[in-house]
Amino acid sequence: SQTIHQWPATLVQPVGSPLSLECTVEGTSNPNLYWYRQAAGRGLQLLFYSVGIGQISSEVPQNLSASRPQDRQFILSSKKLLLSDSGFYLCAWSPPTEPKNIQYFGAGTRLSVL
Amino acid sequence: KQEVTQIPAALSVPEGENLVLNCSFTDSAIYNLQWFRQDPGKGLTSLLLIQSSQREQTSGRLNASLDKSSGRSTLYIAASQPGDSATYLCAVSPFGAGSYQLTFGKGTKLSVIP
């Protein structure tokens, strides 16, 4: 069966510090991968989408970037965190074939930027 | 631009009661609609998915309906239990190449009182 792992579960970082959140998927090959952010009082917002190694689509202009160095690894990064980057970050995957909207979510990372 | 609204934002009911959660969307050209459950500080778990050609889906005590022409969906929970306490999110997916772009509502936070 397929599983998705995100870490860390909780992170507190000072403004201006770098960020690296990691997501890995097991039990499937060539998954589509997604990073979402859930800010307080707002719905989930799709940040990045990837269909393969090195292929990243950015959905929203922002202070963050994403990379996919391996087939089942997806990394969310920032060089300098802003207060507005605080939120709950969720990684998700979907099978390589249609439908891409059947997405499976990880447990999330709670990021607090102080 | 698709917008998804969920009413009410929060709901508290006594155990055993039947309840309805509402979801409305502005663009009826959807591929499908999903209902998710999110426990505090956790990821999303898919509950039900309704294709645009379907009217309803059932899973155990849960029944989701879809009226695409009016842009509405309801999630009916029968005989509510304390374990049903969570935030319920609905999300719609558009047709075509952008089908991975789920648009989420802000959710309804349900509390079932023992």
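Just so we're on the same page: letters track the sequence lines, and every chain starts at 1.
Across A/Arg42 and B/Lys106, no two heavy atoms sit closer than the pair C-CG, 4.1 Å. For the residue pair B/Phe104 and A/Leu44, the shortest heavy atom distance occurs at CD1-CB, 3.7 Å.
Linking Ile, Leu, Val, Met, Phe, Trp and Tyr residues whenever their side-chain heavy atoms come within less than 4.5 Å leaves A/Ile75 and A/Val25 in two separate clusters. A/Phe88 and A/Tyr36 fall within a single hydrophobic cluster, where Ile, Leu, Val, Met, Phe, Trp and Tyr side chains are chained together by heavy-atom contacts under 4.5 Å. Linking ILVMFWY side-chain heavy atoms closer than 4.5 Å, directly or via other members, places A/Ile102 and B/Val92 in two distinct hydrophobic clusters. Cluster annotation: A/Tyr34 and A/Val51 are assigned to the same hydrophobic cluster (Ile/Leu/Val/Met/Phe/Trp/Tyr, side-chain heavy-atom contacts under 4.5 Å, transitive). Hydrophobic clustering of Ile, Leu, Val, Met, Phe, Trp and Tyr side chains at less than 4.5 Å, counting indirect connections, unites B/Leu33 with B/Leu48.
When heavy atoms are compared at a cutoff of 4.5 Å, A/Tyr104 does not approach chain B at all. When heavy atoms are compared at a cutoff of 4.5 Å, B/Gln38 approaches chain A solely by way of its side chain, counted from C-beta outward. Looking at B/Ser46, neither its backbone nor its side chain comes within 4.5 Å of chain A, counting heavy atoms on both sides. Proximity to chain B (any heavy atom under 4.5 Å) is restricted, for A/Leu90, to the side chain, taken from C-beta onward. Looking at B/Leu44, the atoms closer than 4.5 Å to chain A (heavy atoms on both sides) sit in the backbone and in the side chain alike.
Between the CG atom in B/Leu102 and the CD atom in A/Gln45 there is a gap of 13.5 Å [rounded to 0.5 Å]. Note: A/Gln38 CD to B/Leu89 CG = 6.5 Å, rounded to the nearest 0.5 Å.
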